[in-house]
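Working notes, structure below.
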2 protein chains.
Amino acid sequence: MVIRLDNITKVFKQKKLKLTPQRIAVYKYLQSTTAHPSAETIYKSLQADYPTMSLATVYKALKTLVEVDLVQELNVGEGNFRYDATVASHPHICCLHCHVVGDIEGITFDGINKDVQDYTDFDVYSNQVYFYGVCSTCKEEVLKK
Amino acid sequence: MVIRLDNITKVFKQKKLKLTPQRIAVYKYLQSTTAHPSAETIYKSLQADYPTMSLATVYKALKTLVEVDLVQELNVGEGNFRYDATVASHPHICCLHCHVVGDIEGITFDGINKDVQDYTDFDVYSNQVYFYGVCSTCKEEVLKK
DNA sequence: CTGTGTGCAAAGCATTTGCAAAATA
DNA sequence: TATTTTGCAAATGCTTTGCACACAG
């Protein structure tokens, strides 16, 4: 896993946003994981290294990162948001048992926004695709019982 | 729009759930609209006819209807849930400007759960597909300015 | 009649906001 | 130095819960 900070540096400079340790920490953490953590999870994960950072700051950092399109917000239907430092559109898959959220690479929906735009009277800009099922770990657990 | 109560009657009898006026009202209302209302909207819409029904009862009725698969819960990412009496899997399209949520009929993703199941190590049961854009009404409003 | 559902108010989470102090550019 | 951002606590919004009374089966 390669952590890149050149993009956050460039974008923040261009948008005249301040590059604080807190914002960098949140962005680095999101780049280091494929777990699609919630704000709470990010907060807890960073507490060891940033003990004074507050949960409100995590929320504010995430909001800023989403606004400048360095991070995307996911809503798998659990009542909270999850975050992903991969902003390119890609489907996600959620385990109904352990609530893990994974990326699906290889299957893309490129061109489908255009199809939907032609089919409806909307201008279509983006989409979110979520699959729901049971992951391999949870399948095994069920078998053991 | 045809309102059908035979399904709720059958399912509730089979699951030994009580068929109360409140539950019927919520289900009838959802069948009468394509607006994908929130609990709050359903509550307000039913207040004229059911002035004593509480918001908590609307939530409880919705939870029950979702559990017995007569209604599906949507989460377009606005921070609340919306409800749809059409339980067959179909994509939704959301206006980023006025937040209207529409159904997309005609484009289906049948078979794709199987593709994803073969591609990942999950058993895949369902999916949710959301498109985001600007509806025709909002496009016109923007032009007027 | 029995157990489930309703209505009310209070509680519970996730997220946002206001504001003084601190830190970036 | 001038803003912007942080951290704290309080506030907000959506949803759930507990409990006494009412009602469907």
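Each chain gets a letter, A, B and so on, in the order its sequence line appears, and its residues count up from 1.
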Legend entry - Contact check, side chains of B:Q47 and B:M53, non-hydrogen atoms, under 4.5 Å: no

Legend entry - Separation of atom OH in B:Y27 from atom C1' in C:dG5, rounded to whole Å: 20 Å

Legend entry - Atom pair distance, as rounded to whole Å: CG in A:L19 and C1' in C:dA25: 11 Å

Legend entry - Backbone N/O of A:A35 and side chain of A:T33: donor-acceptor pair under 3.5 Å: yes

Legend entry - A:S38 side-chain N/O to C:dA14 phosphate OP1/OP2 under 4.0 Å: no

Inset, instruction - Please determine if a side-chain N or O atom of A:Y59 lies less than 4.0 Å away from the OP1 or OP2 oxygen of C:dT15. - result: yes

Legend entry - A:P91 to A:F109 - nearest heavy-atom pair and separation: CG-CE1, 3.4 Å

Inset, instruction - Give A:T57 one of three labels, base, sugar-phosphate or nothing, depending on what nucleic acid heavy atoms sit under 4.0 Å from its own. - result: base

Inset, instruction - Evaluate the side-chain proximity of B:F131 to A:I112: yes if any heavy-atom separation is below 4.5 Å, no if none is. - result: yes

Legend entry - Length of the line joining A:N80:CG and C:dT15:C1', which is rounded to integer Å: 10 Å

Inset, instruction - Answer yes or no: is there a side-chain heavy-atom contact under 4.5 Å between A:F122 and B:C94? - result: no

Legend entry - A:I42 CD1 - C:dT15 P separation (whole Å): 10 Å

Inset, instruction - Return the 5'-most residue of the pair B:K18, B:R82 with respect to DNA chain D, ranking by each residue's nearest nucleotide. - result: B:R82

Inset, instruction - Establish, with yes or no, whether the OP1 or OP2 oxygen of D:dG7 is under 4.0 angstrom from a side-chain nitrogen or oxygen of A:Q22. - result: yes

Inset, instruction - Let me know the distance between CG of A:N75 and C1' of D:dC14, rounded to the nearest Å. - result: 13 Å

Legend entry - Residue whose closest nucleotide on DNA chain C lies nearer the 5' end, B:S54 versus B:K16: B:K16

Legend entry - Base C:dG18 to side chain A:K60, donor-acceptor N/O within 3.5 Å cut-off: yes

Legend entry - Rounded distance (Å) that lies between atom C1' of D:dT6 and atom CG of A:L65: 15 Å

Legend entry - Euclidean distance, atom CZ of residue A:F81 to atom C1' of C:dC13 [Å, nearest integer]: 14 Å

Inset, instruction - Tell me which of A:R23 and B:L17 sits closer to the 5' end of DNA chain D, going by the nucleotide each one is nearest to. - result: A:R23

Inset, instruction - Give B:E40 one of three labels, base, sugar-phosphate or nothing, depending on what nucleic acid heavy atoms sit under 4.0 Å from its own. - result: nothing

Inset, instruction - Figure out the OH/P separation between A:Y43 and D:dC8, and round it to whole Å. - result: 8 Å

Inset, instruction - Classify the nucleic acid contact of A:T52 as base, sugar-phosphate or nothing, counting any heavy atom under 4.0 Å across all strands shown. - result: sugar-phosphate

